[in-house]
Amino acid sequence: MTATMLAGRLDVAKGAFAVEEVPVPAPGPGEVLIKVEAAGVCLSDVHLIEGMLKPLFLQGGKVTLGHEVAGTVHTLGEGVTTAAVGDRVLLQAGETRDGVVHTRGVDYDGGWAEYALATATTLVPIPDELPFEQACFIPDAVSTPWAAITATGAVRPAEAVGVWGVGGLGAHGVQLLRTVGAFPIVAVDPLPAARERALAFGADAALDPADPRFAELLREATGGRPLSVAFDFAGVAPVREQAMATLGEHGRLVLVGLTDKPLTVTNGTLVSYLRQQIRGHYGSEGQDVIDLVNLVRGGRLDFARSVSGTYPLAEAARAVEALEHKEGNPIRLVLKP
């Protein structure tokens, strides 16, 4: 094992990202050194580089990006008895420190590197049949829509549900809504390829938000029922206006996509009259990730279609560019050290 490694580092103040040579970290008490096998590239990483997102608890001016990480246990720190060298694991996307959640790859160094440190309690074992490329993005790309659906949105079987934005989160949202029994699932996206993907992932209908017949086509898809839940995975103001207008009595609009733009409600009186709710959502809980891995282990979920492309770690900047510009309309791009 060499003394140095490649790592994708962000200078937060300058907004400058580069793959650099850095020392391989050594695990302290209660920590584990992971040999990274795959790491997801998320739109949140793009937002960090752009400066739209800022670390809240970062010590120092630079951070190794990457909150979606899978690999094998390489070295155990003092006192670690819950893992063994060679274990196949994914890493939770963050951890609680002194009552405050710190996010991997944001508030402390993440997994866009050849090796990554992790507190032993953040390791989740993965089955041999689950490839690292699919395991790495379960924290966030899958667990965020899962938590949005099961917790924040509280979707019940047979509820009519809309999904606006069928990108990395929305595509998994469609798949997971199918798993929990929502019906019908109506996907909404301006890109024809995204609408086709939504149908392949289990949507019952896929609509263009700019179609002049949108309202009519939505009624046809739902059998005349208003939506019970609408998910905004796009983080775009017009989406929220359109989605809100589709909801019925006690309808819930769940905001998953991130944006720094103001949130407005055109007809506040109607929202109150129908007792509708707007619910913000962010991230997931550790148990969500464990539950999802168990569903994969039980054959209930398969993410083979979710890997849109892989890049060497040295080309991390190119992967970020491809995601930012939605080249090929990716679900998840993955870095391979």
Side-chain angles (χ1 to χ4, degrees), residues 1-25 33-53 55 58 61-72 74 88-91 93 103-106 108-118 126 130-142 167-169 171-172 191 193-194 197 258 303-337:
M1 181 176 177
T2 62
T4 62
M5 66 177 185
L6 291 179
R9 302 277 286 170
L10 174 65
D11 186 315
V12 176
K14 297 179 181 177
F17 173 79
V19 176
E20 304 173 350
E21 196 86 15
V22 299
V24 175
L33 184 67
I34 301 298
K35 182 181 184 298
V36 177
E37 298 291 346
V41 182
C42 177
L43 198 57
S44 297
D45 299 309
V46 177
H47 292 331
L48 281 164
I49 295 171
E50 291 174 338
M52 191 184 103
L53 291 179
L58 179 64
K62 283 190 174 184
V63 64
T64 300
L65 297 181
H67 54 277
E68 299 179 342
V69 189
T72 56
H74 185 277
R88 303 176 81 253
V89 296
L90 60 76
L91 307 184
T103 302
R104 187 183 309 279
V106 179
Y108 61 99
D109 285 342
W112 286 12
E114 295 180 82
Y115 296 89
L117 281 183
I126 58 175
L130 178 59
F132 292 113
E133 294 86 351
Q134 297 172 33
C136 68
F137 55 75
I138 290 177
D140 194 19
V142 184
L169 294 180
H172 291 126
L191 299 177
R197 180 168 65 198
L258 300 179
F303 302 120
R305 298 173 296 179
S306 299
V307 181
S308 302
T310 60
Y311 289 80
L313 175 61
E315 297 179 17
R318 176 72 189 97
V320 169
E321 181 183 9
L323 179 62
E324 182 179 9
H325 297 290
K326 299 183 179 180
E327 296 177 15
N329 193 23
I331 298 176
R332 247 326 172 253
L333 301 177
V334 175
L335 299 177
K336 297 277 293 177

*Which atom pair, heavy atoms only, marks the closest approach of Thr4 to Thr2?*
O-OG1, 2.7 Å
*Could you give me the CA-CA distance, side-chain angles and deciding distance for Val12 and Leu58, then say whether side-chain contact (heavy atoms from CB on, under 4.5 Å) is met?*
CA-CA 10 Å; Val12 176; Leu58 179 64; 3.7 Å; yes
*Hey, which of Leu323, Ile331, Val334 is the one that makes side chain to side chain contact (heavy atoms under 4.5 Å, CB included) with Ser308?*
Ile331
*Could you tell me which non-hydrogen atom of Pro25 sits nearest to which non-hydrogen atom of Leu33, and how far apart they are?*
O-CD1, 3.5 Å
*Is the side chain of Trp112 donor-acceptor paired with the backbone N or O of Gly40 at a distance under 3.5 Å, no angle test?*
yes
*Might you point out which heavy atoms bring Pro139 and Leu90 nearest each other, and give the distance in Å?*
CG-CD1, 3.8 Å
*Any side-chain heavy atom of Leu191 within less than 4.5 Å of one from Asn329?*
yes
*To the nearest 0.5 Å, how far apart are CD in Glu20 and CE in Met5?*
11.0 Å
*Less than 4.5 Å apart, any side-chain heavy atom of Leu6 and any of Pro337?*
no
*Note, Glu68 side chain near Val41 side chain (heavy atom, < 4.5 Å)*: no
_Test item: Glu114 and Leu313 side chains (from C-beta on) under 4.5 Å apart, heavy atoms_ = yes
*Report the distance from atom CZ of Arg104 to atom CG of Asp140, rounding to the nearest 0.5 Å.*
12.5 Å
_Could you tell me if Arg88 sits above the aromatic ring of Phe132, with its cationic atom closer than 6.0 Å to the ring centre and no more than 45 degrees from the axis?_
yes
_N/O donor-acceptor pair under 3.5 Å between Asp11 side chain and Lys62 backbone_ = no
*Quick one: pull up OH in Tyr311 and CD in Glu321 and give me the separation to the nearest 0.5 Å.*
8.5 Å
*Side-chain heavy-atom pair Leu91, Ile34 within 4.5 angstrom cut-off*: yes
_Would you compute the distance between atom NZ of Lys35 and atom OH of Tyr115 and round it to the nearest 0.5 angstrom?_
6.0 Å
*Is any side-chain heavy atom of Val142 closer than 4.5 Å to a side-chain heavy atom of Ser306?*
no
*For salt bridge (Lys or Arg N to Asp or Glu O under 4.0 Å), just list the numbers for Glu21 and Arg9, CA-CA rounded to whole Å, side-chain angles, deciding distance to a tenth of an Å, and then say yes or no.*
CA-CA 10 Å; Glu21 196 86 15; Arg9 302 277 286 170; over 6 Å; no
_Nearest atoms (heavy-atom pairs only) where Ala116 meets Gly111_ = CB-CA, 4.2 Å
*Determine whether Glu37 and Pro131 make a side-chain contact, defined as any pair of heavy atoms from C-beta on separated by less than 4.5 Å.*
no
*Describe, in one word, how the ring planes of His172 and Phe137 are oriented to each other, choosing from parallel (under 30°), tilted (30 to 60°) and perpendicular (over 60°).*
parallel
*So, for Leu48 and Pro55, which heavy atoms are closest and what is the spacing to 0.1 Å?*
CD2-CD, 4.3 Å
*asked:* Testing the basics here: between Pro330 and Arg197, what is the closest heavy-atom pair and its distance to 0.1 Å?
replied: C-NH1, 3.8 Å
_Any side-chain heavy-atom pair of Leu65 and Ile49 under 4.5 Å_ = yes
*Residues Thr310, Leu335; criterion side-chain contact (heavy atoms from CB on, under 4.5 Å); working and verdict*: CA-CA 6 Å; Thr310 60; Leu335 299 177; over 6 Å; no
*asked:* What's the separation between atom CZ in Arg332 and atom SG in Cys136, rounded to the nearest 0.5 Å?
replied: 8.5 Å
*Measuring from Gln134:CD to Ile126:CD1, what's the distance to the nearest 0.5 Å?*
10.0 Å
